Amino acid sequence: DKNMLVFDFDGVLINSLDEVTLTAYNAATGNQVTSPADLPAALIRLFQANRFHVQVIGDAILLMNWCLKNYRNKSGQILNSHEYEDLIFDATASRTDRTLRIYEARSQFIAGDPQGWLALHRPYQPLWDYLRGNRKYAVVILTNKNREATLRLCRHFGLGVQAGDVYSGDHGAGKVENMRQIQKRFPGQSFGFIDDSVKNLRELENSINVENRMVRLLLASWGYTGPRDEKMAQQHGYPVLTQKELLALLDRDRP
């Protein structure tokens, strides 16, 4: 019975917080800014402090719209989950449309300034180099990001990942649906999944683990977590790991 760990991408393997901030701003406003210096510091601070709420990336547009209205007088506010859900509930465009707008804004950014776009990202270390140096470890990625951007970053930072090993948010696919695909593709494996979003872990537990196709769920403490996320994860029984603890686990479980 082999163990296979599946990785979320943003907030687990790559820090893309600045890129997501600019892309969400561009998608929300129709502008094309390419540097954090182009935006008010208070706007960036407010958006990034609340980034942990965003699960499906199209919702980043709604969060950015709220931040644009409020950053001048509420730059320190962290929305509670009810306030955030209200923002989502009031949306007029569909979630799929919003997500496509994010992908489109990102494609325009990449086309206009590919190097500038790459420069907004940092791999999380030491995890990234561990996976890069470990050819025995097949890296399978389960992300709400679009595949093309994910592969571009993996190539740029030297992580050998096959296109078929990236289960992405393209065509509106969510993490539950993609995890089912991964389980189908590797029968007889037992799975772990590490994400920095408690909401994503809950969603997998409530669908896949309820069907008894158990996935071991882990929270990445170094990602975009909210102030209560570690406590919530522990209450649900999800181990909260540092990168160092994850590397120890990978060493122990290595196929």
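One-based numbering along the sequence shown. What you see is a predicted model, and the numbers here were worked out from it, not measured in a lab.
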For R152 against W117, the heavy-atom pair lying closest together: CD-CZ3, 3.5 Å

Donor-acceptor side-chain pairing of S190 and N3 below 3.5 angstrom: yes

Side-chain heavy atoms of L131 within contact of L13, under 4.5 Å: yes

Any donor-acceptor N/O pair, R106 side chain to T23 backbone, under 3.5 Å: no

Note, V215 side chain near L217 side chain (heavy atom, < 4.5 Å): yes

Side chain to side chain, D59 and L62, heavy atoms closer than 4.5 Å: yes

Any donor-acceptor N/O pair, N146 side chain to E148 backbone, under 3.5 Å: no

Taking every non-hydrogen atom, the tightest pair across M64 and A28: CG-CB, 3.9 Å

Under 3.5 Å side-chain donor-acceptor pair for N70 and Q77: no

Distance-minimising heavy-atom pair for S207 and R180: CB-NH2, 4.0 Å

Salt-bridge contact R202-E205 (side-chain N to carboxylate O under 4.0 Å): yes

Gap separating the CG atom of N65 from the OG1 atom of T29, nearest 0.5 angstrom: 9.0 Å

No-hydrogen, no-angle side-chain donor-acceptor test under 3.5 Å, Y130 and D251: yes

Side chains of Q125 and D129, donor plus acceptor under 3.5 Å: yes

V56 reachable from I141 in the ILVMFWY side-chain graph, under 4.5 Å edges: no

F186 and F191, any side-chain heavy atoms less than 4.5 Å apart: yes

Contact summary for L63 and L87, nearest pair of heavy atoms: CA-CD1, 4.3 Å

Sub-4.5 Å side-chain heavy-atom contact between D10 and Y224: yes

Atom pair CG (L120) and CG (L17), whose distance is rounded to the nearest 0.5 Å: 10.5 Å

side-chain contact (heavy atoms from CB on, under 4.5 Å) between V140 and M4, intermediate numbers included: CA-CA 9 Å; V140 174; M4 179 171 196; 3.3 Å; yes

Side-chain cluster (under 4.5 Å, hydrophobic types only) that I78 belongs to, other residues: F52

Side chains of D195 and N200, donor plus acceptor under 3.5 Å: yes

side-chain contact (heavy atoms from CB on, under 4.5 Å) between M179 and F193, worked out: CA-CA 9 Å; M179 182 53 93; F193 176 57; 3.8 Å; yes

Flag for T21-Q48: side-chain donor and acceptor within less than 3.5 Å: yes

Nearest-0.5 Å distance that lies between atom CG in N144 and atom CG in D8: 7.5 Å

E83 side-chain N/O to N80 backbone N/O, donor-acceptor pair under 3.5 Å: yes

Shortest non-hydrogen contact from V6 toward L142: CG1-CB, 3.6 Å

Heavy-atom side-chain proximity of K145 to L153 below 4.5 angstrom: yes

Working for side-chain contact (heavy atoms from CB on, under 4.5 Å), residues I61 and R101: CA-CA 9 Å; I61 293 177; R101 263 170 67 197; 3.7 Å; yes

Spacing of S75 atom OG and L46 atom CG [to the nearest 0.5 Å]: 7.0 Å

Separation between CG of L22 and OG of S35, rounded to the nearest 0.5 Å: 7.0 Å

With a 3.5 Å cut-off and sequence neighbours excluded, list the donor-acceptor pairs that the side chains of residues 156-168 form with protein atoms.
| from | atom 1 | to | atom 2 | distance (Å) |
| --- | --- | --- | --- | --- |
| D165 | OD1 | R185 | NH1 | 2.9 |
| D165 | OD1 | R185 | NH2 | 2.7 |
| Y167 | OH | R185 | NH1 | 2.8 |
| S168 | OG | D170 | OD1 | 2.4 |

side-chain contact (heavy atoms from CB on, under 4.5 Å) evaluation trace for V33 with F109: CA-CA 8 Å; V33 303; F109 191 161; over 6 Å; no

Short side-chain to backbone donor-acceptor contact, H53 and L79, under 3.5 Å: yes

Side chain to side chain, L246 and Q243, heavy atoms closer than 4.5 Å: no

Separation of Y25 OH from I44 CD1 (nearest 0.5 Å): 10.5 Å

Under 3.5 Å donor-acceptor, S221 side chain and L241 backbone: yes

Heavy-atom side-chain proximity of L250 to L127 below 4.5 angstrom: yes

For the student: nearest non-hydrogen atoms of A220 and T225, plus distance: O-CG2, 3.6 Å

